[in-house]
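No hydrogens, no waters, no symmetry mates; every other heavy atom, side chains included, goes into these values.
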Amino acid sequence: MEKMSRVTTALSSNTISGKTMFCHLDAPANAISVCRDASQVVVAGRNIFKIYTIEEEQFVEKLNLRVGRKPSLNFSCADVMWHQMEENLLATAATNGAVVTWNLGKPSRNKQDQLFTEHKRTVNKVCFHPTEVYMLLSGSQDGLMKCFDLRKKESVSTFSGQSESVRDVQFSMKDFTFAASFENGNVQLWDIRRPDRYERMFTAHTGPVFCCDWHPDDRGWLATGGRDKMVKVWDMTTNRAKEIYCVQTIASVARVKWRPEKRFHLATCSMMVDHNIYVWDIRRPFIPFATFEEHKDVTTGIVWRHQHDPYFLLSGSKDSTLYQHMFKDATRPVDKANPEGLCFGLMGDLAFAAKESLINSDTNRKPYPGGDRRNPLFFFKKTDPTEQFAHVSSALTIYQTGLDSNNMDWFVSTAQRYLLTGKPFAELCDHNAKVARELKRPQVSTTWTMLRIMFSDPANLPAAGLNHSLSKLGSLPLMNSFSLKEMGSGLASESRLERGKGDSRQDNIHLETGNSHISNNNEENEETEGSDGPAECMFGDAELDDDDLYSMDHENQAEEQEYTLPQEGFQLRHEIVDNPSAPEHFQQDKADSPHVSGNEAEVPCLTPIESFSLISISQPLFTHHLPASFFCPIVREMLSYYAEQGDVQMAVSVLIVLGEKIRREIDDLTQEHWYMSYIDMLQRFELWNVSNEVIKLSTCSAITCLNQTSTTLHINCSNCKRPMSSKGWMCDRCHQCASICAVCHHVVKGLFVWCQGCSHGGHLEHIMNWLKSSAHCPAGCGHMCEYT
Amino acid sequence: MFVARSIAADHKDLIHDVSYDFHGRRMATCSSDQSVKVWDKSESGEWLCTASWKTHSGSVWRVTWAHPEFGQVLASCSFDRTAAVWEEIVGESNDKQRGLSHWIKRTTLVDSRTSVTDVKFAPKHMGLMLTTCSADGVVRIYEAPDVMNLSQWSLQHEISCKLSCSCISWNPSSSRAHPSMFAVGSDDSNIASGGKVQIYEYNENTRKYGKVETLMTVTDAVHDIAFAPNLGRSFHVLAIATKDVRIFKLAPMRKESSSTGPSKFEVQIVAQFDNHNSQVWRVSWNITSTLLASSGDDGCVRLWKGKKLVHLQQEHRRLPSVGNRLQCSDRFLIFLRWVHD
């Protein structure tokens, strides 16, 4: 291993070899140090003082320096340093205040060389001068630093920092200055030849500065670490120490060591809580470049194995282990760190944040390496250009949906415009169908229309239906000619009925093509496209009403002409014409419902329509006085379908409009679930009034109680400030009316708005008007009223 | 279709998460620069940064909003092994004039011994509850017994998932038929360690969360996971960001009301898209759960459209790059649809 000491390039990993390995120590380590040729390491602690040789596969204990039956306190080390020029020379800082040097060349078992007992308290740090062989520096808890000449029995000079305890002393690389860090947050710079006064002092941290380290390339950079969890890098070449980098770690910093051959890298370990060793790129101070996570307890000593090799790190820990870490085995937090953020907003807008390099250039796109992100290739790509690690930022973009698609406006409009109560059932359905149609949701519209047909009491129909039909007579021929033209000559009337269950599959395909037609010329609303499916199912399930549906549509024929989507419906019909299986289904349908045929006369209102309509076969199906319950299973299925599709709005609206007609068909839990989901949606869109209406109209006890909580308001009389009695307008005590408008001085009945600061208020309108002209309370109390 | 609006976020390092609030009017971003920023949408649709503050002493992985019923509350989690709860303070009128709001830390949750990788509030109907998951595989569920006091959180459950956790998602269903349930994803990249998505459900009898399902087919590292908004469905839909985008359907099997064992699910993979051709980092559902957005290492956002949440059939439709229109480089959106056959 001797040849290693000559290696001076970053590529020395070729010569120093090894692997991540560890050995158990007998006791917790306090500090470690390597000899110059990186072949041996000394581990020192309160109860341990040993030298290990670092071999290819393992650590081998070479020497136990802790000898004697009852070792003295001089063996209990707070710090240790191996001389970088004299390979037999070690120095330790003892917890009893002694500074001890050890000569490994001694023949006796006890290698202790010299003993300096000048410090009064624990010595925290010892440091050999890098070039002056006999110069040793110590820093102690007693606030003093001493310089020893190893040829003499006593210290040659004492430096008094006039600060608190010294935590670290470090010789600068080339000259005779050294840095000392103190528990009060100061760092001092001394010239070894001038013990009377420090050359410079500055406050580096809030709280103790536990460690400092000079940059090995002699740039005058000093890294310091403190209890404030920060690592700071100072430029000492200028007149005043200038903080040039600052790294925030997650725990107090116990040790800091610059990484050899890597200008911007340093390693840190923590004094408590955190057991990991971090290697930081100081240019990217927020996320560690690499992490070693092997230790189970606090890491107390870290040292790069060789002063020119950046790939091997040795560490000792309170968990009584000594580790050699290979850089390539380090975890890279940044690899796991998510480079992107993505979130859908309420209105369908999309917020997207991504690493700029990901979205700006194709060159940086790395193909996904077959599932294994840790292959060697990947590793080298990552480590070599260290520049890649620095200066990373993200771009934040909001993708807003245009007015047409994906937008949630349809939901809001629908919620606001639907009528759920207050009118006869048929009108509600018609109204809602109209709303849906205007919002370009033909399927939903169709559903409403069908519901109306299914559940309208036939007894009512003559009144409503006949009128409609008659009044719209003018438009009916139009419908017919339109249909005829569209249908072509070959279309038999039964082809309408074949849109039965068996063909729903086929239908979908047609639907798809129909859709793509549409979406080519107008920017198709994604939402309506999505709900094409439901309509198809509806037709399939409710084939009985198919034709009636169209006859009812006549009413709105004129309006429909403006829209493209209803035409789509007609187009579809053609394509189905060719379906050879149609007659069979027709037969089946007839067979399924023989009992409903032959009652034409029962509903006279429809005869006018029939006379215009091409369809005669379906007529009996409609005209028959079917009980509403007949449709319930279908409607139940339909509601479930809408709910499963995510259109809970439709499910709840229908549920409310149909009321008792369907309620018993659906179990309470499901109903409650739908209501809850819909109310939650409404509240997201801040449609409080609609939400409250839905709550009011629901029949689930769990829902109706939602707006019954927190409805009691305890008020004080605005005059005498005492609590109002339980009822009435008058205050019991001062016999004045409590709620008087501060503007018009009349009693407020209805909306009373008041300032929570001064409790004055009045009619909403009055107060609003007042606040337009003045910010002060209209009651004249001088309060600057705030209304939110 | 989409209009892109670039925002100068001015974070000093990577942004790891963006999150809209309940009403979609506010947005929070968090970054490795240890800060969280809150953005408010102005009347004109501009996003303005109204608060920016240092939240942690490490990378902030996630930020999430509480239901507004509990106030303007944010939770963040970080590499520094903590999660924190923040509340906006209103009333400082001079702050308001400058267009800034003030957020104060209500609590720090320090139970984790490793990086806290995700934080999520539980659905509102469960009360004010917060869930964290950490890199050492522990899911912690905290509850604020008094919703008015955001500084008191008690650790209710501690669930060990055995695998390093990267993301968590609550099932948003408020139905009483669905016991509260969450899914955890792991970024453990070792295929041999099995399924990377676990699903836990609350058991009324033991009063504990128990594992009810592991998606064994997901063996690669999972980066994000999202339950679709439930909206009255009887089943649950779960989107997973791993080396591709996957969508699972979890249909609870009917069980007798008397039986109290853990629910059984019929798990079905509905869709699997590898169009990103790289790691997928994020998935997000729109409010009606008709659209799923995903983003991956390819720098693209892709939208996936659900037709019927049962079967799938892919159909590509590539839209012109929005970048052309907006000088936003080569970002583009692809619409894909999974179609019911």
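For the set B/Arg113, B/Arg81, B/Met27, the entry with the most heavy-atom pairs within less than 4.5 Å of chain A is B/Arg81. Of the listed residues (B/Asp80, B/Asp13, B/Thr82), the one with the most heavy-atom contacts under 4.5 Å to chain A is B/Asp13. Each of B/Asp187, B/Asp33, B/Asp17 has some count of heavy-atom pairs under 4.5 Å with chain A, and the biggest count is that of B/Asp33. Chosen from A/Leu396, A/Val648, A/Asn338, the residue pairing most often with chain B at heavy-atom distances under 4.5 Å is A/Asn338. Contact tally against chain B (heavy-atom pairs below 4.5 Å) for A/Thr249, A/Ile398, A/Leu346: the top residue is A/Ile398. Between chain A and the residues B/Pro229, B/Ala221, B/Ser175, the most heavy-atom pairs under 4.5 angstrom are made by B/Ser175. Ranked by heavy-atom pairs under 4.5 Å with chain B, the list A/Met676, A/Met681, A/Lys229 is led by A/Met681. Across A/Thr670, A/Asn276, A/Asp680, A/Asp274, the residue that shares the most heavy-atom pairs under 4.5 angstrom with chain B is A/Asp274. Between chain B and the options A/Ser394, A/Pro285, A/Ser677, A/Ala353, heavy-atom pairs under 4.5 Å are most frequent for A/Ser394. No other option in B/His56, B/His125, B/Arg25 has as many heavy-atom pairs under 4.5 Å with chain A as B/Arg25. Note: B/Gly232 leads B/Gly24, B/Ala293, B/Gly232 in heavy-atom pairs under 4.5 Å with chain A.
Taking the six-membered ring for Trp and the full ring otherwise, B/Tyr20 and A/Phe344 have centroids separated by 6.0 Å or more.
The pair B/Lys41-B/Glu46 fails the salt-bridge criterion, with no side-chain N (NZ, NE, NH1 or NH2) lying under 4.0 Å from an Asp/Glu carboxylate O. Under the 4.0 Å criterion applied to side-chain N and carboxylate O atoms, B/Arg62 and B/Asp224 are assigned as salt-bridge partners. Between B/Glu69 and B/Lys124 there is a salt bridge, with a side-chain nitrogen of the basic residue lying less than 4.0 Å from a carboxylate oxygen of the acidic one. Ionic pairing of A/Asp647 and A/Arg441 is present here: one or more N-O contacts between side-chain nitrogen and carboxylate oxygen are shorter than 4.0 angstrom.
There is no contact between A/Val652 and chain B, counting heavy-atom distances below 4.5 Å. Contact annotation for A/Gln248: both backbone and side-chain heavy atoms come within less than 4.5 Å of a heavy atom of chain B. Heavy atoms closer than 4.5 Å to chain B are found in both the backbone and the side chain of A/Ala337. Only the side chain of B/Lys54 comes within contact range of chain A, judged by heavy atoms closer than 4.5 Å. Heavy atoms of B/Ser164 lying under 4.5 Å from chain A belong exclusively to its side chain. Both the backbone and the side chain of A/Gln683 come within contact range of chain B, with heavy atoms under 4.5 Å apart.
Of the possible polar contacts, none joining the B/His236 side chain to the B/Ala228 backbone as a donor-acceptor pair under 3.5 Å is found. Side-chain N or O atoms of B/Ser278 include one that pairs as donor or acceptor with a backbone N or O of B/Asp297 at under 3.5 Å. Formation of a donor-acceptor pair under 3.5 Å by the A/Gln649 side chain with backbone atoms of A/Phe411 is found in this model.
Defined by atom type and a distance below 3.5 Å, a donor-acceptor pair is present between the side-chain atoms of B/Ser42 and B/Ser44.
Scored by the salt bridge (charged side-chain N to carboxylate O under 4.0 Å, His left out) test, A/Asp228 finds no partners at all (sequence neighbours excluded). Shown here are the side-chain hydrogen bond (donor to acceptor under 3.5 Å, both in side chains) partners of B/Lys12, two or more places apart in sequence or in another chain: there are none.
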